[in-house]
Visitor: 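What follows is a structure written as structure tokens; I'll ask about it next.
From a predicted model like this one, the values you see are computed outputs, not experimental measurements. Numbers restart at 1 for each chain; the letters A, B, ... are given by sequence-line order, proteins then strands.
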2 protein chains.
Amino acid sequence: MERDLSTASVGTRKRRGEGHTRRDEILVAARELFLRDGYEATTIRRIADVVGVSAPALYLYFKDKDAIMLALCDQTFRSLNEVMDGMEKQQLAPIERLRRCGTAYIRFALEHPRQYWLTFMSGNTPQEIKKRGHKPDTQSLDPDAPGSQGAIAFGRLMGIFREIENSGFALNYPVDTAAELVWMCLHGLVAAIINNPEFPWTRRDVLIEGMLDLAVRGVVKMP
Amino acid sequence: MERDLSTASVGTRKRRGEGHTRRDEILVAARELFLRDGYEATTIRRIADVVGVSAPALYLYFKDKDAIMLALCDQTFRSLNEVMDGMEKQQLAPIERLRRCGTAYIRFALEHPRQYWLTFMSGNTPQEIKKRGHKPDTQSLDPDAPGSQGAIAFGRLMGIFREIENSGFALNYPVDTAAELVWMCLHGLVAAIINNPEFPWTRRDVLIEGMLDLAVRGVVKMP
DNA sequence: CAGATAACTTAACACCGATAAGTTATCAAT
DNA sequence: ATTGATAACTTATCGGTGTTAAGTTATCTG
């Protein structure tokens with residue numbers, strides 16, 4: 001019924017050193033299925049079917065189902081970080097940068113709701129992310145450690161607030177508090193939408209713009 | 001190892017008209033297990049064990065596992081609504097009422113974090129809650145219909161904004177959008193704290209007060 | 001050509017939510 | 001007091017899940 005996710009050259013066993021290519025095939029298949037059918041409905045066996053391999057074979061490359069999801073999250077957030085990188089290279093007034101980064105953050109979350117849910121809302125967030133403080137020493141994180149990309153993205157958002165402070169804007173709160181409040185606003189928006197996608201929210205773009213206005217206006221003292 | 005959730009008089013079959021008491025027993029047991037072990041780890045069989053009946057017996061009282069969850073969510077909402085009711089009886093300036101309701105909401109969430117998580121953040125919220133619209137005509141809802149309590153709670157929030165508008169304040173957004181934005185702010189705050197309790201947040205009371213300020217100031221046009 | 005071993009498969013386990021079909025206790029009416 | 005209906009259950013089972021153990025096969029190295 002949906003056997004169109006077929007991979008080229010099925011039934012072939014990988015040669016000696018080529019296991020990692022199979023790993024990549026698994027990730028490609030898993031991403032497709034997770035996005036199409038959701039986490040619960042995507043089973044190990046189905047992923048294996050698409051790859052063209054038996055179910056236990058996946059355990060050669062991943063510890064368990066969650067590890068596959070985690071790897072996908074990392075890939076996803078890596079791309080968010082690239083977007084943020086691009087934003088950081090542009091020369092912008094810091095407030096404008098905040099708005100754009102906020103928009104990018106929200107957009108990204110809404111475009112990858114499951115990954116966002118898993119890394120920021122599941123409560124199963126790997127401890128490495130949780131314990132690692134914010135003011136997160138972006139440099140000190142191993143960017144290849146699974147689960148670290150989410151923390152890096154988060155840290156980058158926080159960095160913008162330091163920049164705002166350094167460029168002489170008056171804030172209604174200490175930077176830390178301001179950053180936390182604004183992030184909580186953005187997170188609240190995407191969390192609500194992601195968790196209740198069928199809810200008849202008012203127009204999404206209005207909500208996004210409104211929340212950004214509300215957050216910036218609430219935190220930055222406007223002259 | 002944890003057989004201390006035992007119900008009094010196990011092994012007894014209910015008399016003819018008393019099925020509903022069994023239903024309540026199931027809900028008590030389910031709540032305890034869901035809160036302690038989470039949604040996935042709480043199985044039909046385990047609930048049945050605690051209640052002291054066989055697993056299929058639960059299907060006499062609930063359509064499926066989600067229906068149990070739905071009933072529990074409703075109970076939680078109901079108690080939140082009772083708190084809100086108390087707030088509505090006091091005569092207050094509408095903006096002050098908004099602030100107090102917000103505070104009550106946050107306090108409720110932080111005092112019952114697991115229940116809050118289960119109801120608002122688990123992602124397992126049954127579909128009936130999701131589908132039910134807001135703009136909910138509070139009167140026209142049957143408060144006993146499963147899933148209606150959430151809509152009632154939301155409707156109450158919108159009512160406050162209508163009240164604010166009627167008493168001569170201008171809003172930056174239509175009432176429904178305003179209500180959504182403010183709720184998202186509050187939800188973002190409690191969601192962040194609940195999900196990352198170990199995170200080195202700045203002072204909690206400052207965050208709460210700050211978020212309320214930010215939300216009210218962002219939505220109500222101040223003269 | 002002979003191990004060694006990476007890359008797999010088959011079989012199975014313990015569990016899950018859910019259903020079908022049978023059983024038992026309790027009631028109302030005779 | 002007996003009967004019959006039926007509410008309140010139980011047992012057996014289904015098709016599925018994630019995961020593991022143990023065996024197989026193909027490829028590379030010496």
Visitor: Using the salt bridge (charged side-chain N to carboxylate O under 4.0 Å, His left out) definition, which of the options R99(A), R107(A), R204(A) pairs with E209(A)?
Guide: R99(A)
Visitor: Out of E88(A), E163(A), Q90(A), which one pairs with R97(A) under the side-chain hydrogen bond (donor to acceptor under 3.5 Å, both in side chains) rule?
Guide: E163(A)
Visitor: Grab the NZ-P distance between K65(A) and dT19(D) for me, whole Å please.
Guide: 8 Å
Visitor: Would I44(A) and Y59(A) satisfy side chain to side chain contact (heavy atoms under 4.5 Å, CB included), going step by step from the backbone distance to the final call?
Guide: CA-CA 10 Å; I44(A) 296 284; Y59(A) 290 86; 3.9 Å; yes
Visitor: Closer to the 5' end of DNA chain D via nearest nucleotide, is it A41(A) or K63(A)?
Guide: A41(A)
Visitor: Could you state the CZ-P distance from R46(A) to dG16(D), rounded to the nearest angstrom?
Guide: 9 Å
Visitor: What is the distance from CG of L33(B) to P of dC16(C), rounded to the nearest Å?
Guide: 12 Å
Visitor: May I have the distance from I44(B) (atom CD1) to dC14(D) (atom C1'), rounded to whole angstrom?
Guide: 16 Å
Visitor: Just call it for T21(A): base, sugar-phosphate, or nothing, with non-hydrogen atoms closer than 4.0 Å on any strand.
Guide: nothing
Visitor: Return the orientation label for the Y116(B) and H187(B) ring planes: parallel under 30°, perpendicular over 60°, tilted otherwise.
Guide: tilted
Visitor: Centre-to-centre under 6.0 Å for F120(A) and F77(A), is that the case here?
Guide: yes
Visitor: In terms of ring plane angle, is the pair F108(B) and H112(B) parallel, tilted or perpendicular, where the classes change at 30° and 60°?
Guide: tilted
Visitor: What string of B, S and - do you get for nucleotides 5-13 of chain C, 5' to 3', when a contact is any protein heavy atom under 4.0 Å?
Guide: BBBBBBB--
Visitor: Send over the distance from I47(B) CD1 to dC16(C) P, rounded to a whole Å.
Guide: 11 Å
Visitor: Can you check whether T202(A)'s main-chain N or O pairs, donor with acceptor, with E180(B)'s side chain at less than 3.5 Å?
Guide: yes
Visitor: Grab the OH-P distance between Y59(A) and dG18(D) for me, whole Å please.
Guide: 7 Å
Visitor: Between atom CG in D49(B) and atom C1' in dC16(C), what is the gap in whole Å?
Guide: 14 Å
Visitor: For the side chain of N195(B) and the backbone of M121(A), is there at least one donor-acceptor N/O pair under 3.5 Å apart?
Guide: yes
Visitor: Return the value, rounded to whole Å, for the distance between atom CG of D64(A) and atom C1' of dT17(D).
Guide: 14 Å
Visitor: Could you note down all residue pairs passing ring pair (Phe, Tyr, Trp, His ring centres under 6.0 Å) where residues 17-38 of chain B supplies at least one of them, sequence neighbours left out?
Guide: F34(B)-Y39(B)
Visitor: Rounded to 10°, tell me the angle between the two end axes of the helix from dC1(C)-dG30(D) to dT30(C)-dA1(D), each built from five pairs.
Guide: 10°
